[in-house]
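As structure tokens, the structure follows; a few thoughts come after it.
All residue numbers in this chain count up from 1 along the given sequence.
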Amino acid sequence: MTSTVTRTADGLVLGNPPERQERTALLEAAGAMLVWDCAVDGLPAAFVWDPGLALDWAWQIYGPEVTPALTGETEAFFPAPGPAAGPARLAARAGWARAWWPASVRASIPPLDPRLIALERACALADVEHLLDDDNAAAASLAEGLRAAGRLRVDASLPTEIRSSLDELVERVEAAAEDHGVRAAEADPAPSQPDYALAAGTLSTVNASTAGAGSLDALASGAVPLDLSAFAPGTVDAAARGHWSVVREGADTVLEVSVARAPVHPAERGNPAPLEARFAEVGLLLEPEPSRFAGRTPVAATILLTRPEKRTLTVASRGYGGGGRVDAAALIDAAQILLGQARDTAWHECAILLAERAAALRP
């Protein structure tokens with residue numbers, strides 16, 4: 001299939017970038033950003049701001065016919081997968097999964113093993129290190145991958161179906177780390193919003209029966225969708241909503257807010273930070289509980305006189321937000337496609353992640 005070349009004030013656009021931002025997997029190469037739809041196989045589109053730099057590596061993604069497209073000799077070309085196309089896509093897909101995977105009890109999307117993501121991302125970035133804009137990206141990822149490999153080696157709970165593939169990845173990471181003189185990372189870094197476009201987020205909810213538990217009298221209540229870009233990775237359930245209620249306790253009026261937590265993989269460590277909530281100009285913290293985030297604070301009874309358009313709830317992780325609203329359904333749809341591929345296809349036969357295959361095989 002022919003790939004178009006579009007010339008803009010900022011450079012070139014190769015192919016057709018994904019329309020859904022929440023499904024876009026990214027890899028920043030020298031002079032360009034490669035972008036894939038995370039749930040669609042194939043070569044990426046690219047935003048190229050320095051064609052001269054891109055000339056050094058683009059043929060390894062698109063084949064030799066991309067060269068005249070970058071030099072301005074043609075407005076279209078016939079791409080063919082180059083030797084770096086596969087690992088580049090896996091590196092981008094692992095970055096997307098780490099930041100955006102929509103784990104959800106309600107949508108039956110299991111969480112991914114963060115160790116497997118770190119391991120596979122390290123392998124893929126080491127394979128495409130010569131393409132990358134960041135000279136330290138591969139080494140930093142290998143440090144994470146080494147630590148993950150050490151934890152995975154002693155984990156007997158992993159599905160037996162992935163063991164041989166896992167052993168292969170561990171050997172590759174250890175060999176690449178030795179070549180780079182890299183040691184294991186001392187901590188598992190979490191992706192942050194500045195590190196990844198639209199850095200992670202999901203919708204959230206709590207079962208309506210738990211909102212306001214213990215309250216004597218509910219005076220008003222509601223449930224609202226939340227801004228998907230406003231949450232740290234793996235914080236809240238991807239298919240749910242946020243709940244608020246104003247309740248009477250004796251002579252007091254109390255505002256209660258709750259948001260369901262995302263399911264957590266057993267390999268995850270630590271407790272998430274509290275969420276920041278605001279309802280009708282009243283702010284409160286939502287502390288993590290086993291199945292939800294929840295908070296309550298005394299308020300003036302006049303909060304019930306707030307105009308309906310002002311009676312809005314927003315919830316966010318501290319330091320997140322402002323990335324634009326994201327469609328939870330699109331994220332969940334992408335994850336369901338990927339889990340279906342992981343169940344039906346061998347790991348080496350399509351561009352799935354081993355973490356997705358492990359999640360799909362779990363009962």
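- The closest side-chain donor-acceptor pair between Glu256 and His243, if any, does not fall under 3.5 angstrom.
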- Report the C-alpha distance between Arg115 and His265 in whole Å, list the side-chain angles of each, state the deciding distance to 0.1 Å, and finish with yes or no for side chain to side chain contact (heavy atoms under 4.5 Å, CB included). CA-CA 10 Å; Arg115 303 166 302 177; His265 191 277; 4.1 Å; yes
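- Ala69 approaches Val5 most closely through the heavy-atom pair CB-CG2, 3.6 Å.
- Leu70 and Val35 fall into different hydrophobic clusters, where Ile, Leu, Val, Met, Phe, Trp and Tyr are joined by side-chain heavy atoms under 4.5 Å apart, directly or via other members.
- In this structure, Glu356 and Arg93 have side chains that are in contact, with non-hydrogen atoms separated by less than 4.5 Å.
- Proximity of Trp100 to Val326: side-chain heavy atoms (C-beta onward) are separated by under 4.5 Å at one or more points.
- The number of heavy atoms from other shown groups lying within 6.0 Å of CZ (Arg7) is above 12.
- Between Glu249 and Arg296, at least one side-chain N (NZ, or NE/NH1/NH2) sits under 4.0 Å from a carboxylate O, which counts as a salt bridge.
- Between atom OG1 of residue Thr235 and atom CZ of residue Arg261 there is a gap of 9.0 Å, rounded to the nearest 0.5 Å.
- Hydrophobic cluster membership is shared by Val224 and Phe231, with clusters built from Ile, Leu, Val, Met, Phe, Trp and Tyr side chains linked at under 4.5 angstrom.
- Judged by distance alone, with hydrogens and angles left aside, the side-chain atoms of Glu171 form no donor-acceptor pair with the main-chain N or O of Glu168 at under 3.5 Å.
- Ion pairing between a basic and an acidic side chain is recognised when a charged N comes within 4.0 Å of a carboxylate O; Glu144 and Arg98 show such pairing.
- Here the closest non-hydrogen pair linking Ile303 and Thr306 is O-OG1, 2.7 Å.
- Glu120 places a side-chain N or O within 3.5 Å of a backbone atom of Leu354 that can act as its donor or acceptor partner.
- Side-chain atoms of Tyr62 come within 3.5 Å of backbone atoms of Pro44 as a donor-acceptor pair (strictly under, hydrogens ignored).
- In the displayed structure, Glu19 atom CD is contacted under 6.0 Å by at most 12 heavy atoms of other residues, nucleotides or ligands.
- Linking Ile, Leu, Val, Met, Phe, Trp and Tyr residues whenever their side-chain heavy atoms come within less than 4.5 Å leaves Phe47 and Leu132 in two separate clusters.
- Summarising the local packing, CZ of Arg362 is surrounded by more than 12 heavy atoms from other residues, nucleotides or ligands at distances under 6.0 Å.
- Ion pairing of Asp37 with Arg20 is absent here, as no side-chain N (NZ or NE/NH1/NH2) approaches a carboxylate O to less than 4.0 Å.
- Looking at Thr8, its side chain does come within 3.5 Å of a backbone N or O of Gly11 through a donor-acceptor pair.
- The shortest distance between side-chain heavy atoms of Trp244 and Ser258 does not fall below 4.5 Å.
- Of all heavy-atom pairs spanning Ala342 and Ile352, the tightest one is CA-CD1, 3.7 Å.
- Summarising the local packing, CG of Asn16 is surrounded by 12 or fewer heavy atoms from other residues, nucleotides or ligands at distances under 6.0 Å.
- To the nearest 0.5 Å, the span separating CZ on Arg241 from CG on Leu226 amounts to 8.5 Å.
- Side chain of Arg172 to backbone of Ala122: no donor-acceptor contact under 3.5 angstrom is found.
- Cation-pi geometry between Arg311 and Phe279 is not satisfied (NZ or CZ under 6.0 Å from the ring centre, within 45° of the ring normal).
- Here Glu281 does not pair with Lys310 in a salt bridge; the nearest charged N to carboxylate O distance is not below 4.0 Å.
- Under the 4.5 Å side-chain heavy-atom criterion for Ile, Leu, Val, Met, Phe, Trp and Tyr, Leu219 and Val299 are members of the same hydrophobic cluster.
- The existence of a salt bridge linking Arg153 and Glu174 is confirmed by a sub-4.0 Å separation between a basic side-chain nitrogen and an acidic carboxylate oxygen.
- Between Trp36 and Trp96 the shortest side-chain heavy-atom distance does not fall below 4.5 Å.
- Side-chain contact check for Phe293 versus Ser317: every heavy-atom pair is 4.5 Å or farther apart.
- For the atom pair CZ of Arg357 and OG of Ser165, the computed distance is 7.5 Å after rounding to the nearest 0.5 Å.
- The neighbour count for Glu75 CD, taken as heavy atoms of other residues, nucleotides or ligands under 6.0 Å away, is above 12.
- Using a 4.5 Å heavy-atom threshold, the side chains of Ile162 and Leu361 count as touching.
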- Message: If you apply the rule side chain to side chain contact (heavy atoms under 4.5 Å, CB included), what do you find for Val247 with Thr253, and how did you get there?
- Response: CA-CA 6 Å; Val247 301; Thr253 303; over 6 Å; no
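- Of all heavy-atom pairs spanning Ala238 and Ala328, the tightest one is O-CB, 3.3 Å.
- Pairing each heavy atom of Ala97 with each of Ile117, the nearest pair is CB-CD1, 4.2 Å.
- Side-chain contact between Ile61 and Leu131 is present, with at least one heavy-atom pair separated by less than 4.5 Å.
- Shortest non-hydrogen contact noted between Val315 and Ala277 is CG2-CB, 4.1 Å.
- A donor-acceptor pair is defined here as one N or O able to donate and one able to accept, closer than 3.5 Å; such a pair exists between the side chain of Trp57 and the backbone of Ala30.
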- Message: Let's go through Val236 and Leu275 carefully: what are the C-alpha distance in whole Å and the side-chain angles of both, what is the deciding distance for side chain to side chain contact (heavy atoms under 4.5 Å, CB included) to 0.1 Å, and is it a yes or a no?
- Response: CA-CA 10 Å; Val236 294; Leu275 302 179; 3.9 Å; yes
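- Atom CG of Leu338 is separated from atom CZ of Arg23 by 8.0 Å, given to the nearest 0.5 angstrom.
- A continuous path of Ile, Leu, Val, Met, Phe, Trp and Tyr side chains, each step under 4.5 Å between heavy atoms, connects Leu12 with Leu27, placing both in one hydrophobic cluster.
- The side-chain heavy atoms of Leu116 and Leu152, taken from C-beta on, include a pair separated by under 4.5 Å.
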- Query: Between Val66 and Leu14, is a side chain to side chain contact (heavy atoms under 4.5 Å, CB included) present by the stated rule, with each step listed?
  - Reply: CA-CA 9 Å; Val66 73; Leu14 306 182; 4.0 Å; yes
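- Counting only distance, with no hydrogens or angles, the side chain of Ser141 and the backbone of Ala138 share no donor-acceptor pair below 3.5 Å.
- Test Asp344, Leu339, Ile337 against Gln341 for side-chain contact (heavy atoms from CB on, under 4.5 Å) and you get one pass: Ile337.
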